[in-house]
*Asks:* 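Take this structure, written in structure tokens, and hold onto it; I'll ask about it next.
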Amino acid sequence: MSIYAQLAQAMFPNIDKTPAYYEELYPERQLKEGARVVRIAPSPTGYLHLGTFFTSMVNRMTASASDGVFFFRLEDTDKKREVEGGADDILKGMNDFGLTIDEGFVAPGVVKGDYGPYQQSCRAEIYQAYVKCLVEQNLAYPCFCSEEQRQAARELQEQKKDRTGYYGEYAICRTLTPEETLAKVEAGQPYVVRLRSMGSEQNRIKYDDMIKGTIEMPENDEDIVLLKSDGIPTYHFAHAIDDHLMHTTHVIRGDEWISSVPKHIQLFKVLGFKQPKYAHVSPIMVEENGNKRKLSKRKDPQAAMHFYAQQGYPADSVLEYLLTIANSDFEDWRRANPTADRMSFKFNLKKMSVSGALFDLDKLNDVSKTVIARMDAETVTQRVIAWAEEYAPEFATLLKRDMAYTTGVFAIDRGNAKPRKDIGKWNEVQDYVSYFFPELYNNDLELPETIAPADAAAILRAYTTVYDPAQDKDAWFTTVKSICADLGFSPDVKAYKADPTAFKGHVGDVSTVIRIAITGRRNTPDLCSIMQQLGVETVMQRLHTAIETWEN
RNA sequence: GGCCCGUUGGUCAAGUGGCCUAAGACUCCGGCCUCUCACGCCGGCAACAGCGGUUCGAAUCCGCUACGGGUCACCA
């Protein structure tokens, strides 16, 4: 038995499986030619972040566009920063906002697939088997340096203006003889396992990033940590092992990883793994003091997916907005295919922007209004209630009191050729429909300054004598026009504009008075429909209340 | 500071040497549409970071400068 084999055995006495065993356990996937296997691998250190969601969406689109697989792996290797319930929150957010996951964790507490475990904390033996094999070949070694030693080395490096890191002459434990190392291990000294890097600063490596293009960097020469002192792997090592064993073909992740690529390339090479393709996604930014910066969990409420849920943005709105950022021709495609399934859009990593986009709430709102305008009344009713049950329970109760009535409210000016585009998110709905519910109705009868209360009252008195609830929109308007002349208003807007001094106002003013009397507002959707929905009783009652108010 | 990456209107962006007197979308401002608002339509404001080079010709290729971003952990 070689000295390195002895060392490996001393370090991992309980590991008897070999890499070959795992290679056989997780065979090549049987997928059609060109199918991409991608993944999202979040760390459960907090709630679901917009950036993670965005990257997930890009992964989802990439997998679907190639009939591939999108899986979810939990990177729970950092026990210090882990947050209780973090994983479930991330999964729930993905589900709620319409991203389906094919494999791994697909929903809170639901795991499927043959390439698991999909949780790194459950894969310790696998990582250790590979590390053991590396140690046997003298490609990795234990390092006993204390935090203080490393700190001192860093200070020295800074002082000498050298690069920081554990490499070259600074890699003290690398130069220990195997006998010395073995003795320390056997003496029970704590250690981490480092890669014995064969790279050099002088060498340049090149790789093709599917989003950023060709990138050239110095080779990695740092003896990076593979296994932490608790036997748990670092991200770098787990990435290599997991994505190899799970047969990931394309690693699509945030671009903060670019600088680690040399480490990853080296790891794949040392381990004899086939290199996956990389695509680094630029972060979504926010503006502050004239500068861009990444969305911050602490400073920006829009960073959390909870924000969109609370505000009541439909999942489709968020997805379509993010898709617009990801592939800007999506917008044109959507215009040309208003009802098509977005999965049939030809998504392409190569169409993604190289630099980070500023988050634009105005744009999201616009997209969202369009999304909601396309929904039918039943869908809107159902979605609003679902939102309200969670965030505005009293409003939900009100909406559910008479479902037919509520659906009727949302049916106004909807489902026609030019549906209204005035609801952007569900938390705007309560105010938008308030005059349909006595409990919410704000009896605000303030007139425009150009209309005298006495005239307004006269208009309503006249209108009550001709009001016919059975009238359709055209007849309704004809009726409104018919009372204009006697009251001194022009039934024709153009005639009024030609000679404003001849009239008190025009038919628009007359309908405004009625509108205010009925809804308490100057602007509303089609008044005739509103009156029909409200019913004769309510209409007459509001008309009389207004008359009384304006006559006194 | 070292190493990477980026920079087209306020924002998202198309553009890969001549089709660019630079597309489209959002925002904003006008106008039109037999009632208001919204929608829709028409129109408007507004950009190739700077400087040098290569070329008959540059937003597009090269270099430098400036600015911005990322990264330098037993965190991901």
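Just so it is clear, the structure is predicted and the values come from calculations on it, not from any experiment. First the proteins, then the strands, lettered A, B, ... as listed; each starts at 1.
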*Asks:* For A/T77, which contact category applies under a 4.0 Å heavy-atom criterion: base, sugar-phosphate, or nothing?
*Replies:* sugar-phosphate
*Asks:* Heavy atoms only, 4.0 Å cut-off, all strands: where does A/S355 land among base, sugar-phosphate and nothing?
*Replies:* sugar-phosphate
*Asks:* Can you figure out which of B/C35, B/U71, B/C74 approaches the side chain of A/W476 most closely?
*Replies:* B/C35
*Asks:* Here's a test of your reading of the structure: between A/K418 and A/T324, which maps to the more 5' nucleotide of RNA chain B?
*Replies:* A/T324
*Asks:* At 4.0 Å (heavy atoms only), tell me whether A/S511 reaches a base, stays on the sugar-phosphate, or touches nothing.
*Replies:* base
*Asks:* With respect to the side chain of A/D332, which nucleotide from B/C75, B/G40, B/G24 is positioned closest?
*Replies:* B/G24
*Asks:* Tell me if the aromatic rings of A/F359 and A/Y321 count as close, with their centers under 6.0 Å from one another.
*Replies:* yes
*Asks:* Counting any heavy atom closer than 4.0 Å, what does A/K80 reach on the DNA or RNA strands: base, sugar-phosphate only, or nothing?
*Replies:* sugar-phosphate
*Asks:* Considering heavy-atom distances to RNA chain B, does A/K473 or A/D230 have its closest nucleotide positioned more toward the 5' end?
*Replies:* A/K473
*Asks:* Give one of base, sugar-phosphate or nothing for A/E216, where a contact means two heavy atoms less than 4.0 Å apart.
*Replies:* sugar-phosphate
*Asks:* Using a heavy-atom cut-off of 4.0 Å across all strands, would you classify A/S282 as base, sugar-phosphate, or nothing?
*Replies:* nothing
*Asks:* Name the closest nucleotide to the A/D422 side chain, picking from B/G6, B/A38, B/U11.
*Replies:* B/A38
*Asks:* What does A/D76 touch in the nucleic acid at a heavy-atom separation under 4.0 angstrom: a base, only the sugar-phosphate, or nothing?
*Replies:* nothing
*Asks:* Taking only N and O in the side chain of A/K263, is any of them less than 4.0 Å away from OP1 or OP2 of B/C72?
*Replies:* no
*Asks:* Is A/K184 positioned over the aromatic face of A/F144, cation under 6.0 angstrom from the ring centre and no more than 45 degrees off axis?
*Replies:* yes
*Asks:* Could you measure between the two C1' atoms, the one in B/A59 and the one in B/G15, and give it in whole Å?
*Replies:* 8 Å
*Asks:* Using a heavy-atom cut-off of 4.0 Å across all strands, would you classify A/V225 as base, sugar-phosphate, or nothing?
*Replies:* sugar-phosphate
*Asks:* I'd like the P distance from B/G1 over to B/C61, given in whole Å.
*Replies:* 27 Å
*Asks:* Of the options B/C3, B/A25, B/G70, whose atoms approach the side-chain atoms of A/P218 most closely?
*Replies:* B/C3
*Asks:* Which of these nucleotides, B/C35, B/C12, B/A76, is closest to any side-chain atom of A/V507?
*Replies:* B/C35
*Asks:* Once you apply a heavy-atom cut-off of 4.0 Å, does A/R293 come out as touching a base, just sugar-phosphate, or nothing?
*Replies:* nothing
*Asks:* Answer with base, sugar-phosphate or nothing: what part of the nucleic acid does A/R414 contact at a heavy-atom distance below 4.0 Å?
*Replies:* nothing
*Asks:* Among B/A76, B/C5, B/U7, find the nucleotide with the atom closest to the side chain of A/I215.
*Replies:* B/C5
*Asks:* What's the closest nucleotide to the A/K228 side chain, out of B/G24, B/C3, B/C75?
*Replies:* B/C75
*Asks:* Once you apply a heavy-atom cut-off of 4.0 Å, does A/P42 come out as touching a base, just sugar-phosphate, or nothing?
*Replies:* nothing
*Asks:* With the threshold set at 4.0 Å, does a side-chain nitrogen-carboxylate oxygen contact exist between A/D76 and A/R81?
*Replies:* no
*Asks:* Please classify the nucleic acid contact of A/S229 as base, sugar-phosphate, or nothing, using heavy-atom distances under 4.0 Å.
*Replies:* base
*Asks:* Counting side-chain heavy atoms from CB outward, which of B/A76, B/C35, B/C5 is closest to A/E75?
*Replies:* B/A76
*Asks:* What nucleotide, of B/A76, B/A13, B/U36, holds the atom closest to the side chain of A/N523?
*Replies:* B/U36
*Asks:* Answer with base, sugar-phosphate or nothing: what part of the nucleic acid does A/R204 contact at a heavy-atom distance below 4.0 Å?
*Replies:* sugar-phosphate
*Asks:* Which part of the nucleic acid, if any, lies within contact of A/K363, taking any heavy atom under 4.0 Å across all strands shown: a base, the sugar-phosphate backbone alone, or nothing?
*Replies:* base
*Asks:* Tell me whether the centres of the aromatic rings in A/F268 and A/H239 are closer together than 6.0 Å.
*Replies:* yes
*Asks:* Using a distance-only criterion (donor-acceptor N/O pair, under 3.5 Å, no hydrogens), is the base of B/C39 paired with the side chain of A/R420?
*Replies:* no
*Asks:* Taking the same atom, C1', in B/U60 and in B/U54, what whole-Å distance lies between them?
*Replies:* 13 Å
*Asks:* Under 4.0 Å between a side-chain N or O of A/K494 and OP1 or OP2 of B/C35?
*Replies:* no
*Asks:* In whole Å, what separates the P atom of B/C29 from that of B/C48?
*Replies:* 25 Å
*Asks:* Determine which nucleotide pairs with B/C61, using a 3.5 Å limit on both distances of a Watson-Crick or G-U wobble pair.
*Replies:* B/G53
*Asks:* Would A/R39 and A/F72 count as a cation-pi pair here, with the cationic atom under 6.0 angstrom from the ring centre and within 45° of the axis?
*Replies:* no
*Asks:* Nearest to the A/L358 side chain among B/U11, B/C3, B/A76, which nucleotide is it?
*Replies:* B/U11
*Asks:* Taking the six-membered ring for Trp, are A/W257 and A/Y278 ring centroids under 6.0 Å apart?
*Replies:* no
*Asks:* In this structure, is the centre-to-centre distance between the rings of A/Y441 and A/Y435 below 6.0 Å?
*Replies:* no
